[in-house]
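Report on one structure; see the data block that follows.
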Amino acid sequence: MTFRLYDTATREVRDFVPLEEGKAGLYVCGLTVQSEPHVGHVRSAVNFDVLQRWLRVKGFDVTFIRNVTDIDDKILSKAEAQGRPWYNLAYDMKRELDRAYAALNVAPPTYEPLATGHIPEMVELIEQLIVRGHAYAAEDGSGDVYFDVRSWPSYGELTRQGIDDMEAAGDADPRGKRDPRDFALWKGWKKATEPETASWPSPWGRGRPGWHIECSAMAGKYLGPAFDIHGGGVDLRFPHHENEQAQSRAAGHPFASYWMHNAWITTAGEKMSKSLGNSLTIPAVLEKYRGIELRYYVVAAHYRSHVEFSFEALDEAAVGFRRIESFLDRAGVTEAGELPAAFVAAMDDDLGTPAAVAVLYDTVREGNKAADPAPYAGQVLAMLDVLGLHPADPAWGGSGGDDQQLTDAVDALVAGLLDQRAAARAAKDFATADAIRDQIKSAGIEVEDTPDGPKWSLA
RNA sequence: GGUGGGUUGGCCGAGAGGCGAGGCAACGGACUGCAAAUCCGUGUACACGGGUUCAAAUCCCGUACCCACCUCCA
């Protein structure tokens, strides 16, 4: 079966046909490392991680590039406000981001390039644009270089907008621009307000790259002039992706064949931002929920649907996921089996994770009914693996030596109490039996009677 | 002003012309000494008003409300 995906550029679900058979080149806009990652940031990472995994399942040799923007206006202004070097802030936040990705089992991309590591590539690309007549150095002596929007007739094609209907970009002094919609490829160093460490030499004097040029340069370097899929959050469609595409095509590169955009996670109807406080940063959420539960919550919604985040919904998702885990515990299977056809069909249909998750639950129910749950458990494990939700994945931290020791110790203590309870039950002294169970429960441990005898678990 | 998206049962969340995705909660039943877990059953949902059709939550027209992007943003 062919994988189909919704292409934002054409606004329709299309068969995925790679440029080169058996290979898939994927570029996703990562984060600007200027503050702690929150749930919304991670949704993008998880969504594209699922895409990457699915392409691999489909047999593609995937090259996945996800960049990190480590220099921009905000990083500079925040670092200055915090009284530390901008590169220190960027590096710290990058490490924080890596921790968040690891906590959610987001597999690393093939390569994760930093903007500041690709200044020469960007300069080269800007020079090409100037030669081709699509960019110009500002005539006001600022050292800025702009993309000439009027020189590129198809500007606006990605988001179906006419140039004259757009509002002007406000990221630079408009006096240096030929058209207010022209955007910066290169920003001249402002000696009075910016540190010299945030500037690099260029044919136009010291300066730093504009935001959009980095992705064009890095996608070109690692994936070539033409590649398959470009992804990012919906907010990036304009101006970022529109500009990327214009730049790259104006430089003679075909660029991306498909565009994918993930929707928002909102809180109280508004998109997440620092103004809502820090309650939804990944470290904060992980104090109350396991990474696997958060990931399940994200994966259970379709990537193009808005998700209204709430702790109630996250609770609910966690409860549902534990049902899957408890089935797996009971089945005691560790080998992944085959993927059910319905699951494959759901995933092939533009990564239909909601329908895929429904298949997951259907399989769990069948397994709970079956005399031998093993084959069903094998299927469940295979599906979870594709979604990055395999409970035994070492990414979740597993049970360390200390944990195992602790479990053994508790097991020994509880076993003694359960023996007493068994004796009481045998004597039909249910009052005593229940009292023992209540005592155990007050310590935070639940007891269940199963055909194989009583079992305990943390409540 | 331009562009795009949304409004589904108590809640979360799919679907996109015709059998009520799935989950959570609730209720009834089975099982249990009682529970738990599990299984079975129970819902007459698709913003509003028109229309097309044998058939519409799904298509068309209109209305209302919400959101995003057009400035940095996943």
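Order of the sequence lines sets the chain letters (A, B, ...), proteins ahead of strands, with each chain counted from 1.
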Would you please name every residue forming a ring pair (Phe, Tyr, Trp, His ring centres under 6.0 Å) with [X], sequence neighbours left out?
X      : result
A/Y91  : none
A/F16  : A/F60, A/Y258
A/Y155 : none
A/H302 : none

For nucleotides [N] and [M], find the distance between their [atom1] atoms and express it as a whole number of Å.
N      : M      : atom1 : value
B/rG33 : B/rC40 : P     : 22 Å
B/rA26 : B/rC11 : C1'   : 11 Å
B/rU8  : B/rC46 : C1'   : 4 Å
B/rA57 : B/rU44 : C1'   : 14 Å
B/rC27 : B/rG18 : C1'   : 31 Å
B/rA56 : B/rC65 : C1'   : 23 Å
B/rU71 : B/rG15 : P     : 32 Å

List the residues meeting side-chain hydrogen bond (donor to acceptor under 3.5 Å, both in side chains) with [X], not counting sequence neighbours, and say none if there are none.
X      : result
A/D179 : A/R150, A/R181
A/D228 : none
A/S154 : A/W152

How is [X] classified with respect to the nucleic acid when contacts are heavy atoms under 4.0 Å: base, sugar-phosphate, or nothing?
X      : answer
A/N262 : base
A/V447 : base
A/H240 : nothing
A/T8   : nothing
A/A263 : base

Check the distance between [N]'s [atom2] and [X]'s [atom1] and give it to me in whole angstrom.
X      : N      : atom1 : atom2 : answer
A/M93  : B/rA74 : CE    : P     : 14 Å
A/R304 : B/rG6  : CZ    : P     : 9 Å
A/D235 : B/rU71 : CG    : C1'   : 12 Å
A/E293 : B/rG23 : CD    : C1'   : 15 Å
A/W264 : B/rG13 : CH2   : P     : 17 Å

For the ring pair A/Y297 and A/F309, is the centre-to-centre distance below 6.0 Å?
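That pair passes the under 6.0 Å test.
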
Partners passing side-chain contact (heavy atoms from CB on, under 4.5 Å) against A/D419 (at least two apart in sequence or in another chain)
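Not a single residue meets the side-chain contact (heavy atoms from CB on, under 4.5 Å) criterion with A/D419.
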
For A/A138, side-chain contact (heavy atoms from CB on, under 4.5 Å) partners two or more places apart
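side-chain contact (heavy atoms from CB on, under 4.5 Å) list for A/A138, sorted by chain: A/D140, A/S142, A/D144, A/Y146.
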
Can you list, by residue number, the residues of residues 382-391 of chain A that have a non-hydrogen atom closer than 4.0 angstrom to RNA chain B?
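When residues 382-391 of chain A is checked for heavy atoms under 4.0 Å from RNA chain B, there are no hits whatsoever.
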
Assess the side chains of A/S326 and A/R322: does a donor N or O sit below 3.5 Å from an acceptor N or O?
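No.
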
Go through [options] for me and flag the one nearest to the [X] side chain.
X      : options                : result
A/K369 : B/rU3, B/rC72, B/rC40  : B/rC40
A/R323 : B/rG13, B/rC72, B/rG23 : B/rG23
A/N368 : B/rU38, B/rC70, B/rG23 : B/rU38

Sugar-phosphate atoms are those with a prime plus P, OP1 and OP2; base atoms are the rest. Using that split, label each nucleotide of nucleotides 28-34 of chain B B, S or - for protein heavy atoms under 4.0 Å, 5' to 3'.
-----BB

For RNA chain B, the dot-bracket pattern of Watson-Crick and G-U pairs whose distances stay under 3.5 Å, | for other-strand partners
(((((((..(((.....[...))).(((((.......)))))....(((((..]....))))))))))))....

